[in-house]
Protein chains: 2
Amino acid sequence: MTIQRSEGTITINDIARMAGVSKKTVSRVLNAPSTVREKTRLEIQRIIKEYGFVPNPQAQALALRRSTLIALIYDNPSPQYIVNIQRGVLSALKGTQYQIVLRPCDRSEPDYHDKILAFVRLHNPFGLIFVPSVSEDEELAAALRERKQHFVRIASVNTSDRAKQIKTDDAEGGRLAARHLVQLGHRKIAHIHGPESFMSTHQRRLGFIEGLREFDLELAPNMIAEGAYNFDSGVKCATKLLLAKDRPTAIFAGNDEMAVGVYFAARKAGVRIPKDLSVVGFDDTPMVSRVWPAMTSVRSPIQEVGRSAAELLLKTDKLKEGDLKDIPDAVTLDLMVRDSTAHIAT
Amino acid sequence: MTIQRSEGTITINDIARMAGVSKKTVSRVLNAPSTVREKTRLEIQRIIKEYGFVPNPQAQALALRRSTLIALIYDNPSPQYIVNIQRGVLSALKGTQYQIVLRPCDRSEPDYHDKILAFVRLHNPFGLIFVPSVSEDEELAAALRERKQHFVRIASVNTSDRAKQIKTDDAEGGRLAARHLVQLGHRKIAHIHGPESFMSTHQRRLGFIEGLREFDLELAPNMIAEGAYNFDSGVKCATKLLLAKDRPTAIFAGNDEMAVGVYFAARKAGVRIPKDLSVVGFDDTPMVSRVWPAMTSVRSPIQEVGRSAAELLLKTDKLKEGDLKDIPDAVTLDLMVRDSTAHIAT
DNA sequence: CTGAAAGCGCTAACAT
DNA sequence: ATGTTAGCGCTTTCAG
């Protein structure tokens, strides 16, 4: 029985030997420091620090049936949105041992639940972070809850577990957009919304309609178009709206990708921005400052949302189950209009 | 000694018991099927398939000292580039048990090597994929090689291990850009290049100069500006070039982010595209079709590059070390000019 | 408060 | 060709 010191890598056994205790005691110092006598604990902690010992994640994963992976699960079609979420999550995970793993998914696949569950079963991730629209799948959430799998959802509506969700008040964003355009002097305002399968579509549209109503304005049926939250659909919808007999002087697009599509369609149709048309987007992606003239957009703090989601997930660990009293409700992040070049279209 | 059947999860022991063999035999079927008698092997494989058994990655990771993680290591400032690489890698990893993990880094931090090495030591990833510019760090590569860590690099120049790299011929891209602009009738052509710390900067500029020379044209010193591969620097450099006495009729930007900056600066300066100015970018990100008028760009098949990198990494596994004869040289992917709205500026 | 022994699920040496 | 034994590095009984 030789003590096989694998090249350089220091293990819990080494620490135990040096401290003259059993490895279980070291393990206790690592996981439940309060159960070890102070003197022993301090000595062990000193040695741990001195040698920069970090417990091996693979061994922990095997013993605990829980790895250090945090999976980002997304079906959101906007690359910019995903990148921002990633950045936020990364900033929260920096310095921890947790790793962010990418898991795109496709809700239209019949076995998409199975794929996610298979991943969870196989890799035992520490936690999952869901972004819209997959975050709105309550059936999936229920299945994961049953497995006692940690997860946090990013959504614009209240989900079945408000303590474990990050919320953006998209309806308020819609209201802001409406107020902004009306106050610019517009009366004939159109809206290109996202797919009906996204709750954000409903929230943003609802808020927008409410905002118009504050000024006794209605969203006429011929002023509505359904897009797909991507550039091409924005072009298509805007073209339709702009070539119609009764064309709008302002368009509120459900997200920036589509708003840029509106810009493109306007240029093609000879409609001048901002003289003939005002455009408001949603998300405040970098693109808003890259088009010309710079675009007005409802700023949605996507990166902060990602960071908050990851932080909430990590916090879940520290607290014992049921000890979530200090997270009484969904974390909600505020939106604001970032007004770049507001002008009245006449 | 009770047989603890953990809820539903089927292990190698279960398979062994059902097949009436030892678990080591099952392990052999999994890892070196040829060393097991055909009849036994077929039977075991049947059972494995019937129960959908997949070996537990955490246990394998512990025993093999190698996890199923594939880390994407990047310091590239362009989000669009990263997203495309991610997509490519994901497409190659789809259906495998490998997971893509994100590891951004910052070469300007003095301990950035240590951080990457610490990650490798702690998590024992199966492999790493490096994108420029961090892919060009030979010192880091040497340190990893010494640890026998698998990795593949994406670069525009030949690295010290050409069999494990994906190469894009950026110099050729530069030549294509030059030919394109000259053939459009331009003579006064400027270039906004990236940071000197990126090899792609040199390659693209070098190729561009060579391309001009084919037509006996020179790249005059006042026609060069150094950007940072991002939008803002593109705006800044283009503004400088366009407001100068002797302004160019065409600009080749080192990447699309900067090219969009050129568009912005041109609009601001009242310079009309394509009438007064032609612009060529590099990368062919989605942005090229979103600006107006659509931009011409050297198409760099970023997504395919990502996929090839991941495929190469996985292939490394199958082949025994030194058995790389059928990968004689770097995988090189071709570039092409995607011409959107080429017009002669007069 | 601490330790010995067993186990997480798999693979590597060394038998047979 | 197959099985036995001993790990990988950590945690969890259950004694003491």
Side-chain angles (χ1 to χ4, degrees), chain A residues 1-45 48 51 53-68 97 121-124 126 317, chain B residues 1-45 48 51 53-68 97 121-124 126 317:
Chain A
M1 197 162 109
T2 56
I3 293 182
Q4 182 83 22
R5 284 301 318 284
S6 58
E7 24 152 297
T9 320
I10 181 163
T11 77
I12 197 173
N13 286 307
D14 303 321
I15 302 294
R17 189 165 24 76
M18 290 191 278
V21 298
S22 78
K23 64 176 174 179
K24 179 56 205 173
T25 303
V26 179
S27 177
R28 281 198 184 87
V29 170
L30 255 25
N31 301 298
S34 59
T35 64
V36 177
R37 191 178 8 135
E38 180 165 15
K39 197 181 155 195
T40 325
R41 175 166 49 89
L42 288 176
E43 171 62 3
I44 295 178
Q45 284 173 331
I48 287 180
Y51 289 87
F53 166 70
V54 180
N56 178 306
Q58 287 95 289
Q60 276 184 313
L62 182 57
L64 292 172
R65 287 163 214 77
R66 200 213 286 139
S67 71
T68 54
Q97 63 181 331
R121 198 162 8 214
L122 193 60
H123 290 277
N124 293 118
F126 170 78
D317 183 35
Chain B
M1 199 161 105
T2 54
I3 294 183
Q4 182 85 21
R5 285 302 316 286
S6 57
E7 23 153 299
T9 321
I10 181 163
T11 76
I12 198 174
N13 285 307
D14 303 321
I15 302 293
R17 189 164 25 74
M18 290 190 278
V21 297
S22 79
K23 64 177 176 180
K24 180 58 205 172
T25 304
V26 179
S27 176
R28 281 199 184 87
V29 170
L30 257 23
N31 301 298
S34 59
T35 64
V36 177
R37 189 177 12 133
E38 179 165 16
K39 198 182 154 193
T40 326
R41 175 167 49 90
L42 288 176
E43 171 63 2
I44 294 178
Q45 284 172 333
I48 286 179
Y51 289 87
F53 166 70
V54 181
N56 178 306
Q58 287 95 287
Q60 278 183 312
L62 183 57
L64 292 172
R65 287 165 212 76
R66 201 217 277 145
S67 71
T68 54
Q97 63 181 332
R121 198 163 7 214
L122 193 60
H123 290 277
N124 293 118
F126 170 79
D317 184 34

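On a predicted model such as this, the values are computed, not experimentally measured, just so you know.
- By the side-chain hydrogen bond (donor to acceptor under 3.5 Å, both in side chains) test, Asn13(A) pairs with no residue at all, sequence neighbours left out.
- A donor-acceptor pair under 3.5 Å links the side-chain atoms of Ser67(A) to the main chain of Asn124(A), judged by distance alone.
- When Val29(A), Val21(A), Leu42(A) are each tested for a side chain to side chain contact (heavy atoms under 4.5 Å, CB included) with Val36(A), only one passes: Val29(A).
- If you run side chain to side chain contact (heavy atoms under 4.5 Å, CB included) between Phe53(B) and each of Ile44(B), Asp14(B), Ile10(B), only Ile10(B) comes through.
- For the atom pair CZ (Arg41(A)) and CG (Leu30(A)), the distance works out to 12.5 Å, reported to the nearest 0.5 Å.
- Atom OH of Tyr51(A) is separated from atom P of dG9(D) by 18 Å (rounded to the nearest Å).
- For the residue pair Thr35(A) and Ala32(A), the shortest heavy atom distance occurs at OG1-O, 2.8 Å.
- OP1 or OP2 of dC10(C) has not a single side-chain nitrogen or oxygen of Asn13(B) nearer than 4.0 Å.
- Between Pro57(B) and Leu122(A) the shortest side-chain heavy-atom distance falls below 4.5 Å.
- In this structure, OG1 in Thr68(A) is found 12.5 Å from NE2 in His123(A), a value given to the nearest 0.5 Å.
- Put simply, CD1 on Ile44(A) is 12 Å from C1' on dG3(C), counting in whole angstrom units.
- Computed from coordinates, the Asp14(B) CG to dC10(C) C1' distance equals 13 Å when rounded to whole Å.
- The structure places CG of Asn56(B) at 10.0 Å from CD of Gln97(B), a figure rounded to the nearest 0.5 Å.
- When rounded to the nearest whole Å, the span between CD1 of Ile12(B) and C1' of dA12(C) equals 13 Å.
- If you measure from atom CZ of Arg65(B) to atom P of dG9(C), you get 19 Å, rounded to the nearest angstrom.
- Within a heavy-atom distance below 4.0 Å of DNA chain C, the residues of residues 54-64 of chain A found are Leu62(A), Ala63(A).
- The CG-P distance, from Leu122(A) to dC10(C), rounds to 10 Å in whole Å.
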Which pairs, protein N/O on one side and nucleotides 2-6 of chain D N/O on the other, fall under 3.5 Å?
{"from": "dT2(D)", "atom 1": "OP1", "to": "Arg37(B)", "atom 2": "NE", "distance (Å)": "3.4"}
{"from": "dT2(D)", "atom 1": "OP1", "to": "Arg37(B)", "atom 2": "NH2", "distance (Å)": "3.0"}
{"from": "dT2(D)", "atom 1": "OP1", "to": "Thr40(B)", "atom 2": "OG1", "distance (Å)": "2.7"}
{"from": "dT2(D)", "atom 1": "OP2", "to": "Arg37(B)", "atom 2": "N", "distance (Å)": "2.7"}
{"from": "dT2(D)", "atom 1": "O4", "to": "Arg28(B)", "atom 2": "NH2", "distance (Å)": "3.4"}
{"from": "dG3(D)", "atom 1": "OP2", "to": "Ser22(B)", "atom 2": "N", "distance (Å)": "2.8"}
{"from": "dG3(D)", "atom 1": "OP2", "to": "Ser22(B)", "atom 2": "OG", "distance (Å)": "3.3"}
{"from": "dG3(D)", "atom 1": "OP2", "to": "Thr25(B)", "atom 2": "OG1", "distance (Å)": "2.6"}
{"from": "dG3(D)", "atom 1": "O6", "to": "Arg28(B)", "atom 2": "NH2", "distance (Å)": "2.7"}

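- Phe53(B) places its CZ atom 8 Å from the C1' atom of dG9(C), with the value rounded to the nearest Å.
- In this entry the distance linking CG of Leu30(B) with P of dG9(C) reads 15 Å, nearest Å.
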